[in-house]
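Down below is the structure, laid out as structure tokens.
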Amino acid sequence: MDILPEIVEVTNEMIDALDENGFFENNPFIERLPLKRKLQNLMQRRWEEFGEYHLSWDEVEGVMQDVVNDTVSKTLEDLVDKGAINMGVSDDGDIVYSANK
């Protein structure tokens, strides 16, 4: 998907503003590049569908939550693959994790 140059510029400004205010240090599960890419993709889709790319705060929060979910899932997956933690399913059907000793 080709991203409009205006969208690239706006997302760069957004990431720079967040960075300047310590956002990424205070939110370790939100990484700059995945956030920027997800914002760009959503903004581009809005442009293609509605002819405008501005997002509501709820949409921005949703993108941030998606990045957190992806990061946490990837981290847990890596820990399971390395054998650092065990994963299972409880009697209630919940996914449970335990440290591998």
Side-chain angles (χ1 to χ4, degrees):
M1 169 187 315
D2 291 333
I3 307 295
L4 286 175
E6 295 90 341
I7 291 173
V8 172
E9 184 178 334
V10 167
T11 55
N12 285 339
E13 290 171 4
M14 290 170 71
I15 298 300
D16 289 345
L18 291 170
D19 208 10
E20 289 171 9
N21 289 294
F23 176 82
F24 296 104
E25 288 76 27
N26 294 324
N27 297 279
F29 292 111
I30 300 179
E31 297 176 4
R32 290 165 186 80
L33 189 55
L35 177 60
K36 183 165 80 169
R37 285 184 178 157
K38 284 185 179 284
L39 287 169
Q40 287 175 347
N41 287 333
L42 179 57
M43 292 168 82
Q44 184 66 35
R45 282 195 309 269
R46 284 188 60 89
W47 175 256
E48 291 169 2
E49 289 180 34
F50 306 111
E52 63 93 19
Y53 56 81
H54 296 99
L55 303 177
S56 69
W57 179 245
D58 287 341
E59 290 171 313
V60 173
E61 283 183 326
V63 169
M64 289 180 182
Q65 189 60 53
D66 286 347
V67 172
V68 168
N69 293 346
D70 291 348
T71 302
V72 170
S73 294
K74 178 72 173 123
T75 300
L76 287 172
E77 210 174 278
D78 290 347
L79 290 170
V80 168
D81 290 345
K82 291 178 183 176
I85 61 173
N86 295 314
M87 182 176 69
V89 179
S90 72
D91 293 337
D92 298 330
D94 296 325
I95 297 175
V96 294
Y97 299 91
S98 65
N100 193 359
K101 297 179 181 183

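Applying the side-chain hydrogen bond (donor to acceptor under 3.5 Å, both in side chains) criterion to Gln65, with sequence neighbours excluded, gives Asn69.
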Task: Step-by-step side chain to side chain contact (heavy atoms under 4.5 Å, CB included) determination, Leu79 to Tyr97 - done: CA-CA 10 Å; Leu79 290 170; Tyr97 299 91; over 6 Å; no
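Asn41 is listed as a side-chain neighbour of Ile3, based on a closest heavy-atom distance under 4.5 Å. Contact annotation: the side chain of Glu31 never approaches that of Leu33 to less than 4.5 Å [non-hydrogen atoms, C-beta and beyond].
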Return a table of donor-acceptor pairs under 3.5 angstrom between the side chains of residues 22-29 and protein atoms on other chains or two or more places apart.
unit_1 : atom_1 : unit_2 : atom_2 : d
Asn26  : ND2    : Gly22  : O      : 3.1
Asn27  : ND2    : Phe23  : O      : 2.8

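Val60 and Phe50 fall into different hydrophobic clusters, where Ile, Leu, Val, Met, Phe, Trp and Tyr residues are linked whenever their side-chain heavy atoms come under 4.5 Å apart, directly or through other members. Tracing side-chain contacts under 4.5 Å through hydrophobic residues (I, L, V, M, F, W, Y), one never reaches Val72 starting from Val96; they form parts of separate clusters.
Between Met43 atom CE and Lys36 atom NZ the span is 12.0 Å, to the nearest 0.5 Å. Separating the CG atom in Leu76 from the OG1 atom in Thr71 is a distance of 11.0 Å, to the nearest 0.5 Å. Atom CG of Leu55 and atom CD of Glu61 lie 12.0 Å apart (nearest 0.5 Å). Rounded to the nearest 0.5 angstrom, Asn12 CG and Ile7 CD1 are separated by 12.0 Å. Between atom CG of residue Leu35 and atom CE of residue Met64 there is a gap of 5.5 Å, rounded to the nearest 0.5 Å. Here CD of Glu6 is found 9.5 Å from CD of Gln44. Values are rounded to the nearest 0.5 Å.
Asn21 contributes a side-chain N or O that, together with a main-chain N or O of Ala17, makes up a donor-acceptor pair within less than 3.5 Å.
When each of Val80, Asn100, Asp78 is paired with Ile85, the side chain to side chain contact (heavy atoms under 4.5 Å, CB included) condition holds for Val80 and for no other.
Across every non-hydrogen atom of Glu59 and His54, the tightest pair is OE1-O, 4.3 Å.
The neighbour count for Arg46 CZ, taken as heavy atoms of other residues, nucleotides or ligands under 6.0 Å away, is above 12.
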